[in-house]
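Data block below; observations after.
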Protein chains: 2
Amino acid sequence: MTKARKTIMDILMKSEEPVSASTLAKDLPFDQATVYRNLHYLEDQGFAESFILHCSEHGTERYYSYRNANDVHHHWFHCEMCHRFIDLGHCAYGQQLKEWEQSYGFTIHEHTFFLTGVCADCKS
Amino acid sequence: MTKARKTIMDILMKSEEPVSASTLAKDLPFDQATVYRNLHYLEDQGFAESFILHCSEHGTERYYSYRNANDVHHHWFHCEMCHRFIDLGHCAYGQQLKEWEQSYGFTIHEHTFFLTGVCADCKS
DNA sequence: ACAAAATTTGCAAATGACTTGCAAAATACA
DNA sequence: TGTATTTTGCAAGTCATTTGCAAATTTTGT
């Protein structure tokens, strides 16, 4: 495993919240192409997952988080003021998604869910 | 109300599914800046709502749909093959969102939810 | 450990959605 | 209808992300 890939993997593993691709690209001492390519690689291999979120201050960016093999994925709340993410816990939509698949006949590859607003700290 | 604005408003009102900003910008006989500005205007005024969706073929685009004054908003399934949207009906997360607001203390401004996959027609 | 094969990197340029400044044109208002 | 206000088109800019390519690194087979 290359240095760039390991660095990115480590950051994702250690991070408590999703990190944006463009931020990684800016902050890490690797070429941006390398960062983006590795993020794709990690997601392809199932080590990471991502979603696109727009916030007025940071614009539209893709956020990545580490994905544990036996991990159920999480959903997040994003604070528009301090830009932190709050973990809403395990996804609880499994059953609902299955029901939709049955009633509509489609196959779901991915579902996207997140909240944006202002966190408790920033309100006070 | 200007011609451009009325045209865009009409399209959103008549459309059964969300339409992408960049597609409107390409197809309509108005400058792209005009299209984007009007979409922002309509959303600001509460006549439209939007979400960002990425699909491999069309890339990352913002999709708009008309918002009725007394309308509960809808969620959508997006087929990656035929690129149509399937209406999943009224949003049923109101209660859940309120509970999260109470337990975490944050205020939700927006929630994003949609599905992507392959529709029944495209599977066969 | 070593050379060949396969993969990854950096660089530089390109892409594509979306935004912005500004003067002209259209619309609203008195 | 004339004037103030808003909107438009044009052209250039921004910004996240992607891509081609040759050089550098990592992996493989021995």
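To find a chain, count down the sequence lines: A is the first, B the second, and so on, and within it residues start at 1. Since this is a predicted model, take the numbers as computed values, not measurements.
Residue B:Glu61 is the one, among B:Glu61 and B:Arg37, whose nearest nucleotide of DNA chain C lies closer to the 5' end (criterion: closest heavy atom). Positionally, the nearest nucleotide of DNA chain C for B:Arg62 lies more toward the 5' end than for the other of B:Met1 and B:Arg62.
Paired with B:Arg62 under the rule side-chain hydrogen bond (donor to acceptor under 3.5 Å, both in side chains), one option of B:Ser22, B:Ser20, B:Ser50 passes, and it is B:Ser50. Checked options A:Val118, A:Ile86, A:Asp121, A:Thr116; the residue passing with B:Phe106 is A:Ile86 (criterion: side-chain contact (heavy atoms from CB on, under 4.5 Å)).
Note: OH (A:Tyr36) to C1' (C:dG16) measures 14 Å, nearest angstrom.
Contacts between residues 39-50 of chain A and DNA chain C, counted as heavy-atom distances below 4.0 Å, involve no residue at all. Non-hydrogen atoms lying under 4.0 Å from DNA chain C are contributed by A:Phe30, A:Asp31, A:Ala33, A:Thr34, all within residues 16-34 of chain A. Near DNA chain C, defined here as any heavy-atom distance below 4.0 Å, the residues from residues 2-10 of chain A are A:Thr2, A:Ala4, A:Arg5, listed numerically.
Defined by atom type and a distance below 3.5 Å, a donor-acceptor pair is missing between the side-chain atoms of A:His58 and A:His78. For the residue pair B:His111/A:His75, the side-chain donor-acceptor check at 3.5 Å is not satisfied.
With sequence neighbours excluded, no residue satisfies salt bridge (charged side-chain N to carboxylate O under 4.0 Å, His left out) with A:Glu61. Applying the side-chain contact (heavy atoms from CB on, under 4.5 Å) test to B:Asp27 and every residue at least two apart in sequence or in another chain returns B:Thr23.
The local environment of CD in A:Gln45 is crowded, with over 12 non-hydrogen atoms from other residues, nucleotides or ligands closer than 6.0 Å. The environment of NZ in B:Lys3 is sparse: at most 12 heavy-atom neighbours from other residues, nucleotides or ligands sit within 6.0 Å.
The backbone N or O of A:Ile11 sits nowhere less than 3.5 Å from a side-chain atom of A:Ser15 that would complete a donor-acceptor pair.
Looking at heavy atoms from C-beta onward, A:Arg84 lies in side-chain contact with A:Cys119 at the 4.5 angstrom threshold.
Ring geometry, A:Trp76 versus A:Phe85: the interplanar angle exceeds 60°, so the pair is classed perpendicular (tilted spans 30 to 60°).
Mapping heavy-atom proximity under 4.0 Å, the span of DNA chain D touched by chain B runs 5' to 3' from D:dT7 to D:dC10.
Under the 6.0 Å distance and 45° angle rule, B:Arg5 counts as a cation-pi partner of B:Tyr41.
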#### Entry: B:Phe51/B:Phe114 under ring pair (Phe, Tyr, Trp, His ring centres under 6.0 Å): CA gap, chis, key distance, verdict
CA-CA 9 Å; B:Phe51 59 90; B:Phe114 57 81; 5.6 Å; yes

